[in-house]
Amino acid sequence: MQIKCYPYDFEYQVKDGHVYVYLYSKLDNGAKICVLHEHQPFFFAKIHPIDLETIKKRLDQLVIKSEREEAKVVSVEEVEKELLGKKEKFLKIYVNYPKAVPLISKELESWGINCYEKDILFVHRYLRDLGITPMTLVQAEGEFSEKSELRVPVFIASRVDQLSKEPLHTWKILALDIETYAKKKEINPEKNPILMIAFYGIDEQGQEFQKVITWKNFDSNLNYLEIVSDEVELLKRFRRIMLDYQPDIITGYYSDGFDFPYLKTRADKHNLKLDLGLDHSELFISSRGKTEANITGCLHLDMFKFIRYIIGGSLKTDSYSLDSVSEELLGHRKHKVNINELAQTWDSQPEKLVDFCEYNLHDAHLALKLCQKLLSDIIEFTKLVNLPAADMIRMRFSRLVESYILSRAMEFNVLAPNRPADAEIEQRMEESIQGAFVYEPTPGLYQDVVVFDFRSLYPTIISAHNIGPESLHCSCCQKNTVPEREEYWFCEREKKFIPTVLEQLILRRVDLKRLIKEAKANNEDTKMLEARSYALKLLANSFYGYLGFYGARWYCLECAASTTAYARNYIKTTIKKAEQKCFQIIYADTDSCFLLLGDQHLDQAKEFMNEINFDLPGHMELEFEGYFPRGIFVALKGKEAGAKKKYALIDEKGKMKITGFETVRRNWSILAKEIQEKVLRLIMEDKKSQALEYVKTMIKELKSGQVDISKLILRTQITRELSQYSSIGPHVYAARKLQDLGEKIYPGMMIDYFIAKGTGLVRERAALPEESRPYDSEYYLYHQLLPAVISIFDVVGITEDELLGRSKQTGLGKFF
DNA sequence: AAGCTACGGGG
DNA sequence: GTGTACGTAGCTT
């Protein structure tokens, strides 16, 4: 029989010598099944034809003992594959189970044979080999198994085919969030219990589910609250709810790194099994550095990972806290509750726990909303790189690009080069290339700024000039050298693998943009199309970085160097032509160009842009980015030239665009952040004297000692036992003080401190907030307040002396 | 200047 | 799970 389903979670098992991929899938009616499909693991080896028969015989007899099962070669096949542009013969070696691949290939390498595609995860291998795309419609041929050892029916498939690239959009999602006992910011699962756990779910019909479980008795009229007797009961209820609700997707915020590991540790402490998997397996926490949490048959999506790695670049926020991310993406913030007081409230004022329950549920709700909002993006990325969504969201760009290339390699009969070994990585890390061209801005406040941008500059260059490891230094096109890099050239006759798969990304996006336009004209929903377009754009933009990334399989530094060389050439040409048209250039960086209108019209600037575009090859294009009545460029500390990437613009509607200022950076006191933002605004609005007065007032307040300590707090985490520190920072000093006061210091604890008045090294004066000591106003003035604003005032001719209310210094005084 | 360590998110 | 993040900021030596 044939069935149609949407696979969303994957694993493999070896049963009676057969290797099965388990495709946990969703049916159209909302039910879940698991499709088992046999697949044979393999890798490739480069063998000289002379040795072929000898090697085949040796492989035939090769048996490697291992803890579980003997690793053996099952069969071999001679194939022709293309490796870095060269067609060659390889031996495709099938082995008896996935973990035999590293064992056997290592053995072959010890014989002096090069092996390839020996470190590709088996499930990933399967998806690529069969062209199966997760979360989209596949058809399986086979039979349902009579008995299932899983919590869902099992379908044994003889074949599986991709039917459509259209993904399923209706999934049953459950978000979870826990609150734990943490006095003095001490987050320690070994010692402190889980106090409450919140669920927020939504099913295929849009039906919502809310629940908060806690184990402290108190009165409330919260209908979603369930009170149990102790933590053990809480954990049991957690297990029960997970099994009963049976979500397809489980989500949370930092649930890979916090909620699930914490739950697992607490369950272990109480000898409770969290057998949540559809195969009865336990919640699995992978350790050693990167923490990941997985439940078999349930797609776990930690929104933090996806947002930080994939979406992050397009967000304004610099902090990836749930609070700031939700504010930007959802327009909702977290509930205002002082989480520091939870432990105290739990111990002595349980009647006030209602607030924390609401807070708990709200956090789960935010995680759910983030998941819902970003699900189309997640699905589109998953489709593009052809990997399980659970793996995709945990990847950085280099791996995403590589996965995309790998998924395309099949149809081009391309063999993947190996990842570099440690020695190779070290060597690659030492190499560098010349980067982008930057036209240094002169610090100042400017009028009538027009900004132009090359759309997707690097991808369009790579595609237009056929840049890739396969086309580098062909024997036919030596005259076609790269500008400024005459030692490099790329084939002009034949478009090769890397630029081809990149060009396809660019073309697909061009096509999508047209579809989006049409859909919008017809008032149709464009959410999925836009998610697809975004995924394509991000992936295309990452190719350049990938080619120069030390860990890449298709590493090609010459390619990366040539890409930037072409880019420098294009932007310099643009600048030259703009100057010929009498536009003053004030700034240019990589792909953008800021010019002043002067006495010319905006239309004339756009005409200039069209002339540039006439000469560009391939899909290259210069675009109009915007017109800004005012712009400010500040100087780099202690330098005459303008700071690269440190400027602010204000558009006709008065909206500010701030780039590179400390306001958006962490590890600054609240005081410095607040003041910088306000000053920038006032200066941009031409309220120079108001800005000066404001800062003077703030300095006075700081010096008088009236600034609230809370605005001066610096916060750092303790990451090890205090005795293990060899270098002692101020936070360690502060932590030692806490310890002397009888506090237990644990790794993971956050230490708040401020710099107090006194003599000696700064770190020796790190004081605890509760020590009512006066702060060091000099430190905060010279290390926080002034550094945050001095460069801004410098632009409008206000000196540090003026800010400090000193008389203007001239001549020699300047040098002291 | 190089080398080492801590940071992120979570309570 | 055919495994062992990552890039950078800030400090010390």
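A, B, ... follow the sequence lines: proteins, then strands. Residue 1 opens every chain.
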Engineer: CG of A:N418 versus P of C:dT2: gap in Å, rounded?
Structural biologist: 17 Å
Engineer: Round to the nearest Å and state the distance from A:Q344 atom CD to B:dG11 atom P.
Structural biologist: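 Whole-Å distance recorded here is 19 Å.
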Engineer: Output all residues satisfying side chain to side chain contact (heavy atoms under 4.5 Å, CB included) with A:K15, sequence neighbours left out; order by chain, then residue number.
Structural biologist: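 A:Y20, A:Y22, A:L36.
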Engineer: Across the strands shown, which category fits A:P98 at heavy-atom distances under 4.0 angstrom: base, sugar-phosphate, nothing?
Structural biologist: base
Engineer: What is the separation between atom NE2 on A:H124 and atom C1' on C:dG3, rounded to the nearest whole Å?
Structural biologist: 11 Å
Engineer: Remember a base hit wins even if backbone is also touched, and classify A:D363 as base, sugar-phosphate or nothing at under 4.0 Å, heavy atoms.
Structural biologist: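 Sugar-phosphate contact only.
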Engineer: Any donor-acceptor pair under 3.5 Å joining the side chain of A:Y254 to the base of B:dG10?
Structural biologist: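 No.
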Engineer: Tell me if a side-chain donor or acceptor on A:N192 pairs with a main-chain N or O of A:A182 at a distance below 3.5 Å.
Structural biologist: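 No.
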Engineer: Does A:D302 reach a base, just sugar-phosphate, or nothing at all? Heavy atoms under 4.0 Å.
Structural biologist: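 Counting heavy atoms under 4.0 Å across all strands, no contact is made by A:D302.
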Engineer: Looking at residues at least two apart in the chain, or sitting in another chain, which of them share a side chain to side chain contact (heavy atoms under 4.5 Å, CB included) with A:Y94?
Structural biologist: A:Q40, A:F42, A:V74, A:S75, A:E77, A:K92
Engineer: Suppose you measure atom P in B:dG8 against the same atom in C:dT4; what distance do you get, rounded to whole Å?
Structural biologist: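 Roughly 25 Å separates the two P atoms.
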Engineer: Using the C1' atom as the reference point in each nucleotide, state the distance between B:dG11 and C:dG7 in Å, no decimals.
Structural biologist: 27 Å
Engineer: Atom pairs under 3.5 Å, N or O on each side, protein against nucleotides 6-8 of chain C: can you list them with distances?
Structural biologist:
{"unit_1": "C:dC6", "atom_1": "O4'", "unit_2": "A:R396", "atom_2": "NH2", "d": "2.9"}
{"unit_1": "C:dC6", "atom_1": "O2", "unit_2": "A:R396", "atom_2": "NH2", "d": "3.4"}
{"unit_1": "C:dG7", "atom_1": "OP2", "unit_2": "A:Y550", "atom_2": "OH", "d": "2.9"}

Engineer: Atom CG of A:N360 and atom C1' of B:dG11: how far apart are they, to the nearest Å?
Structural biologist: 11 Å
Engineer: Regarding A:L103, tell me which of base, sugar-phosphate or nothing describes its non-hydrogen contacts under 4.0 Å with the strands shown.
Structural biologist: nothing
Engineer: Which nucleotide in the set B:dG9, B:dG11, C:dT4 lies at the smallest distance from any side-chain heavy atom of A:R419?
Structural biologist: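 It is C:dT4.
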Engineer: Does any donor-acceptor pair link the side chain of A:K99 with the base of C:dG1 at a separation under 3.5 Å?
Structural biologist: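 Side chain to base: pair found, below 3.5 Å.
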Engineer: Take atom CG of A:L108 and atom C1' of C:dT2, then tell me their distance rounded to the nearest Å.
Structural biologist: 15 Å
Engineer: Does B:dG11 have OP1 or OP2 under 4.0 Å away from a side-chain N or O of A:K334?
Structural biologist: yes
Engineer: Select base, sugar-phosphate, or nothing to describe what A:I178 touches, counting heavy atoms under 4.0 Å on all strands.
Structural biologist: sugar-phosphate
Engineer: What integer number of Å spans the C1' atoms of B:dG9 and C:dG3?
Structural biologist: 23 Å
Engineer: Do A:K46's NZ or CZ and the ring of A:F90 fall within the cation-pi criteria of under 6.0 Å and 45°?
Structural biologist: yes
Engineer: Give me the distance, rounded to whole Å, that separates C:dC6 from C:dT2 when you measure between the C1' atoms they each carry.
Structural biologist: 23 Å
Engineer: For A:Y12, which contact category applies under a 4.0 Å heavy-atom criterion: base, sugar-phosphate, or nothing?
Structural biologist: sugar-phosphate
Engineer: Roughly, in whole Å, what's the span from CD in A:E107 to C1' in C:dT2?
Structural biologist: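 One finds 17 Å between C1' of C:dT2 and CD of A:E107, rounded.
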Engineer: Partners of A:H332 by side chain to side chain contact (heavy atoms under 4.5 Å, CB included), sequence neighbours excluded?
Structural biologist: A:L330, A:L366, A:K369
Engineer: Once salt bridge (Lys or Arg N to Asp or Glu O under 4.0 Å) is applied, do any residues pair with A:D323, and if so which ones, sequence neighbours excluded?
Structural biologist: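 Partners of A:D323 under the salt bridge (Lys or Arg N to Asp or Glu O under 4.0 Å) test: A:R333.
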Engineer: Distance-only, no hydrogens or angles: does the A:S669 side chain make a donor-acceptor pair with backbone N or O of A:I713 under 3.5 Å?
Structural biologist: no
Engineer: Whole Å only: how far is the CG atom of A:D391 from the P atom of C:dT2?
Structural biologist: 10 Å
Engineer: Looking at B:dG11, B:dG10, C:dT12, which one has an atom nearest to any side-chain atom of A:R763?
Structural biologist: C:dT12
Engineer: Nearest of B:dG9, C:dT2, C:dG1 to any side-chain atom of A:R125?
Structural biologist: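 Of the candidates, C:dT2 comes closest.
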Engineer: A:D268: what forms a salt bridge (Lys or Arg N to Asp or Glu O under 4.0 Å) with it, not counting sequence neighbours?
Structural biologist: A:K264
Engineer: Any donor and acceptor pair, going by atom type alone, linking the side chain of A:E179 with main-chain N or O of A:F356 inside 3.5 Å?
Structural biologist: no
Engineer: Heavy atoms only, 4.0 Å cut-off, all strands: where does A:R394 land among base, sugar-phosphate and nothing?
Structural biologist: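 Here A:R394 touches no strand at all.
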Engineer: To the side chain of A:F284, which of C:dG1, C:dG3, B:dG10 is closest?
Structural biologist: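 When the side chain of A:F284 is considered, C:dG1 is the closest of C:dG1, C:dG3, B:dG10.
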Engineer: If I take atom OH in residue A:Y309 and atom P in nucleotide B:dG8, what distance separates them, rounded to the nearest angstrom?
Structural biologist: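 One finds 14 Å between P of B:dG8 and OH of A:Y309, rounded.
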